[in-house]
Amino acid sequence: ICINSCAYLKISELERKEIKTEEDFYQYLSIEYKNFAKFELYDMHDEIDSYYFAKKALYALKEKRFYPENPKEWNLTEKNLKVLNTEFTNINKMISDKYYIQFPKLFAKILSGYDCWVEQLEENWQTKDIEECRNKYFRNLNTIKVKISDKKNIKHHNLVSKNNGIKESSNIITKNIPIKNKEKSNMTTNLYFQFDASLLDTSQIENLNNFLNSIKNLGNYDIYIY
């Protein structure tokens, strides 16, 4: 008897909560769960699941509690259970590694996408909603993976720059250039990139042009770029 009105009351309570401006994982997660609860209540007319996820929104906001849904506690096919068990393990590993602190907004979307995916697979007939939830989970998971990879590359770049004492560079070397007195000679120039950039700035383009102008009348030569 209570479920329908309770779901509505929980959502109404969430709507009244103050919205903060700082990066706060629990607030992001509560918003994600609130929106899912509203979808379940107003679009799908599923009062039971709406009430459940509205409660999870309040747990996150008021008690700083959260957890991914355990697939074993849902009525899933054996095939779907196997898939979700793998992601359940992955999410718990990410929680242990504090991803929700490093990437609060993205991880809130990962968790809500995963929980939505579990809920939709139990019903297992709304193929479009299943796909949207699944895509939300993997899209944000892949974004985090890219960010982590970028951080590792930057860390490696900083280490190399520190050890070499220079900015990232590309070496252009000409070898065995015949000059007027018929001797062989090597000419080298360094081109420097700004931090985390792949394009040369104006000064470096000028250096490159000067180098090319200095060798263009020297006869045949080979150019090596490292």
Side-chain angles (χ1 to χ4, degrees), residues 3 6-7 10-11 13-15 17 19-20 22-149 151:
I3 292 296
C6 284
K10 292 290 185 186
I11 292 172
E13 181 180 353
L14 287 164
E15 297 282 20
K17 293 296 180 182
I19 300 298
K20 301 176 183 178
E22 66 267 22
E23 293 278 299
D24 182 84
F25 164 73
Y26 297 99
Q27 178 175 267
Y28 285 138
L29 185 60
S30 71
I31 293 173
E32 289 289 327
Y33 281 146
K34 178 191 71 175
N35 290 338
F36 186 46
K38 290 171 68 175
F39 170 77
E40 287 296 308
L41 181 62
Y42 300 125
D43 294 295
M44 306 308 298
H45 308 290
D46 185 342
E47 293 84 3
I48 294 176
D49 284 337
S50 175
Y51 175 67
Y52 180 74
F53 285 103
K55 283 201 307 181
K56 289 193 76 169
L58 288 171
Y59 285 153
L61 196 62
K62 296 168 66 175
E63 302 180 27
K64 309 300 181 186
R65 292 172 53 196
F66 70 97
Y67 54 90
E69 291 301 315
N70 188 338
K72 295 179 181 178
E73 297 176 356
W74 291 73
N75 184 23
L76 301 168
T77 66
E78 184 175 347
K79 178 182 177 181
N80 289 336
L81 182 61
K82 183 177 180 180
V83 172
L84 289 171
N85 273 336
T86 299
E87 302 311 322
F88 180 66
T89 300
N90 290 339
I91 289 177
N92 280 301
K93 176 65 167 56
M94 287 188 282
I95 292 172
S96 297
D97 291 339
K98 309 295 185 183
Y99 279 29
Y100 64 95
I101 295 176
Q102 299 177 61
F103 311 100
K105 192 170 186 177
L106 287 171
F107 198 77
K109 292 180 179 294
I110 284 176
L111 200 57
S112 62
Y114 167 81
D115 280 0
C116 169
W117 187 17
V118 172
E119 188 269 345
Q120 294 292 344
L121 276 179
E122 183 184 64
E123 297 174 353
N124 207 24
W125 65 273
Q126 300 147 316
T127 55
K128 181 181 177 181
D129 294 331
I130 292 171
E131 191 68 15
E132 286 181 356
C133 295
R134 179 187 180 279
N135 288 344
K136 180 179 180 179
Y137 168 73
F138 281 110
R139 181 172 62 251
N140 289 283
L141 177 61
N142 289 335
T143 300
I144 285 183
K145 288 181 178 179
V146 170
K147 287 180 177 291
I148 291 174
S149 177
K151 283 186 177 182

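All of these numbers come straight from a predicted model, not from anything done at the bench.
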Exercise. Atom CG of L141 and atom CZ of F107: how far apart are they, to the nearest 0.5 Å?
Worked result: 9.0 Å
Problem set entry | Side chains of T89 and N85 in contact at under 4.5 Å (non-hydrogen atoms) | no
Seminar exercise, completed: When rounded to the nearest 0.5 Å, the distance separating CG of D115 from CD of Q120 is 11.5 Å
For this session: Taking ring pair (Phe, Tyr, Trp, His ring centres under 6.0 Å) as the test, write out the residues that go with F138, two or more places apart.
Result: W117
Exercise. Taking only residues two or more places apart in sequence or in another chain, which ones pass salt bridge (Lys or Arg N to Asp or Glu O under 4.0 Å) with E69?
Worked result: K56
Exercise. Atom CD of E122 and atom CG of L81: how far apart are they, to the nearest 0.5 Å?
Worked result: 11.5 Å
Problem set entry | Approximate separation, where rounding is to 0.5 Å, of I91 CD1 and T86 OG1 | 11.0 Å
Problem set entry | Sequence neighbours excluded, every pair satisfying salt bridge (charged side-chain N to carboxylate O under 4.0 Å, His left out) that has a member inside residues 79-101 | K93-D97
For this session: Verify whether the ring centers belonging to F25 and F103 lie closer than 6.0 Å.
Result: no
Problem set entry | CG-OH distance between N90 and Y137, expressed to the nearest 0.5 angstrom | 5.0 Å
Exercise. Does any N or O in the side chain of S30 come within less than 3.5 Å of the main-chain N or O of Q27, such that one atom is a donor and the other an acceptor?
Worked result: yes
Problem set entry | Validation row: I95, F66 side chains within 4.5 angstrom (heavy atoms) | yes
Exercise. Which residues satisfy the side-chain contact (heavy atoms from CB on, under 4.5 Å) test with E15, sequence neighbours excluded?
Worked result: I11, K34, K38
Exercise. Side-chain contact, heavy-atom cut-off 4.5 Å: M44 with D49?
Worked result: no
Exercise. Taking C-beta and beyond as the side chain, do E40 and E119 meet within less than 4.5 Å on heavy atoms?
Worked result: yes
Exercise. How would you list, by chain and number, every residue that makes a side-chain hydrogen bond (donor to acceptor under 3.5 Å, both in side chains) with E13, sequence neighbours excluded?
Worked result: K62
Problem set entry | L61 side chain reached by Y26 side chain, heavy atoms, under 4.5 Å | no
For this session: Identify, with sequence neighbours excluded, every residue that meets side-chain hydrogen bond (donor to acceptor under 3.5 Å, both in side chains) alongside D129.
Result: none
Problem set entry | Sequence-distant partners of Y67, side-chain hydrogen bond (donor to acceptor under 3.5 Å, both in side chains), two or more places apart | Y52
Exercise. How far apart are the C-alpha atoms of Y100 and L29, what are their side-chain angles, what is the distance that settles it, and do they pass the side chain to side chain contact (heavy atoms under 4.5 Å, CB included) test?
Worked result: CA-CA 10 Å; Y100 64 95; L29 185 60; over 6 Å; no
Exercise. How would you list all residue pairs meeting disulfide (SG to SG under 2.5 Å) that involve residues 68-145, not counting sequence neighbours?
Worked result: C116-C133
Problem set entry | N140 side chain reached by K105 side chain, heavy atoms, under 4.5 Å | no
For this session: Would you please test W74 and L84 for side chain to side chain contact (heavy atoms under 4.5 Å, CB included) and show each step?
Result: CA-CA 11 Å; W74 291 73; L84 289 171; over 6 Å; no
For this session: Would you check if L111 and P68 make a side-chain contact, meaning some heavy-atom pair closer than 4.5 Å?
Result: yes
Problem set entry | Residue list, salt bridge (Lys or Arg N to Asp or Glu O under 4.0 Å) with K128, at least two apart or on another chain | none
Exercise. Do S149 side-chain atoms and K145 backbone N/O form a donor-acceptor pair below 3.5 Å?
Worked result: no
Exercise. Shortest non-hydrogen contact from Y28 to A108?
Worked result: CB-CB, 3.7 Å
For this session: Could you grab the distance from atom CD1 of I148 to atom CD of Q102, nearest 0.5 Å is fine?
Result: 6.0 Å
Problem set entry | By side-chain hydrogen bond (donor to acceptor under 3.5 Å, both in side chains) - contacts of T77 (at least two apart) | N80
Seminar exercise, completed: Sequence neighbours excluded, the answer for side-chain contact (heavy atoms from CB on, under 4.5 Å) partners of E63 is Y59, R65
Exercise. Any sub-3.5 Å donor-acceptor pair from S50's side-chain atoms to D46's backbone N or O?
Worked result: no
Seminar exercise, completed: For K136, the salt bridge (Lys or Arg N to Asp or Glu O under 4.0 Å) test, sequence neighbours excluded, returns E32
For this session: Report the relative orientation of the aromatic rings in F36 and F39; use parallel for angles under 30°, tilted for 30 to 60°, perpendicular for over 60°.
Result: parallel
Exercise. Hey, are the side chains of N70 and F88 touching, using non-hydrogen atoms and a 4.5 Å cut-off?
Worked result: yes
